[in-house]
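The figures that follow rest on heavy atoms only: side chains count, while hydrogens, waters and symmetry mates do not. Naming: A, B, ... by sequence-line order, numbering from 1 per chain. Since this is a predicted model, take the numbers as computed values, not measurements.
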Number of protein chains: 2
Amino acid sequence: MATLNRPGAPDGHICGIDTAMEVIGGKWKVLILWALHEHPYRRFGELRRLLPGITEKVLASHLREMEADGIVGRVSYDEVPPRVEYSLTEDGARLNASLEPLAAWGRERADRQG
Amino acid sequence: MATLNRPGAPDGHICGIDTAMEVIGGKWKVLILWALHEHPYRRFGELRRLLPGITEKVLASHLREMEADGIVGRVSYDEVPPRVEYSLTEDGARLNASLEPLAAWGRERADRQG
DNA sequence: CAGTATCCCTACTGATACTG
DNA sequence: CAGTATCAGTAGGGATACTG
């Protein structure tokens with residue numbers, strides 16, 4: 001065996017996990033995913049409040065990347081004051097669902113350690 | 001609702017995913033996990049060859065962190081030349097298993113996009 | 001309200017050389 | 001073989017102020 005690469009996989013991509021890791025790699029992305037999963041439509045300020053510690057810049061750039069990756073949808077209503085609603089796309093919902101076993105593992109570990 | 005924090009969860013830990021993300025956060029960790037899963041015992045040089053591009057320093061530090069996190073076991077045989085074998089702990093094996101749906105999501109996405 | 005625009009900073013990663 | 005030690009580079013993240 002030469003490397004772990006799957007045949008036909010893009011260079012540096014081995015088993016699908018790294019593809020997924022690139023998409024959820026940002027520090028807050030899984031939490032954004034989670035927040036959007038709990039409630040189908042969230043506004044920018046809502047997300048900011050839900051993620052204590054995140055800055056506007058980081059939230060905005062994460063959302064833009066997730067939108068570009070096709071896991072988050074964005075709808076802007078032409079109102080005053082402005083209103084923008086973020087949601088999971090179908091792919092984003094499946095991504096979030098695929099994270100559930102990982103979350104279960106983390107919960108168990110957190111509970112074990114207090 | 002104030003935040004996404006679970007009751008009783010350590011500060012900044014929300015749904016278990018972030019706990020898990022901390023453990024697999026290093027750039028190569030999921031791939032190390034994968035390599036150790038494919039073959040129960042791996043030597044240092046073997047892992048280095050399996051992960052083209054990783055440097056010795058990064059591989060060593062990742063392995064030490066994963067050992068400290070209790071997901072990788074290390075056995076050093078007192079021989080000449082030295083031999084060290086790395087393996088998944090039970091917890092590491094469960095972690096790896098919990099990554100499988102995520103890997104499936106990534107594989108599907110990679111296949112869709114070529 | 002929903003973002004940009006700047007500036008900064010350090011933690012992670014990497015290259016290279018060396019050692020028990 | 002299985003690692004350290006040292007030195008740098010950089011990208012991601014953060015603080016703050018400002019805008020349509």
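- Evaluated for a side-chain contact (heavy atoms from CB on, under 4.5 Å) with B:I32, the options B:L88, B:N96, B:L51, B:I24 yield exactly one hit, B:L51.
- Put simply, the side chain of A:T19 never gets that close to the backbone of B:A110: no donor and acceptor are under 3.5 Å apart.
- A salt bridge is defined here as a Lys NZ or Arg NE, NH1 or NH2 lying under 4.0 Å from an Asp or Glu carboxylate O, and B:E108 with A:R94 meets this definition.
- Counting to the nearest Å, the P atom of C:dT13 and the CZ atom of B:R64 are 13 Å from each other.
- What separates NZ of B:K27 from P of C:dC12 is a distance of 14 Å, to the nearest Å.
- Residue contacts for A:R48: at a heavy-atom cut-off of 4.0 Å it reaches no nucleic acid atom on any strand shown.
- Where A:R74 and B:I54 each meet DNA chain C at their nearest nucleotide, the meeting point lying more 5' is that of A:R74.
- Looking only at atom types and distance, the side chain of B:D91 has a donor-acceptor partner in the side chain of A:W105 under 3.5 Å away.
- Using a 4.0 Å cut-off, some side-chain N or O of B:H62 falls inside it from OP1 or OP2 of C:dT13.
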* Asked: When Watson-Crick pairs (N1 to N3 and N6-O4 or O6-N4) and G-U wobble pairs (N1-O2 and O6-N3) count only below 3.5 Å on both distances, what is the dot-bracket string of DNA chain D, with | for other-strand pairs?
  -> ||||||||||||||||||||
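- Taking CZ of B:R74 as the start and CZ of B:R64 as the end, the distance is 9.0 Å to the nearest 0.5 Å.
- Taking every nucleotide of DNA chain D with any atom under 4.0 Å from a non-hydrogen atom of chain A, the first and last of them, 5' to 3', are D:dG13 to D:dG20.
- Using a 4.0 Å heavy-atom distance criterion, A:Y86 is classed as a sugar-phosphate-only contact.
- Taking 4.5 Å as the limit, some side-chain heavy atom of A:R109 sits within range of a side-chain heavy atom of B:I71.
- A donor-acceptor contact shorter than 3.5 Å is absent between the side chain of A:R83 and the backbone of A:R43.
- At a threshold of 4.5 Å between non-hydrogen side-chain atoms, the residues A:L36 and A:L47 count as touching.
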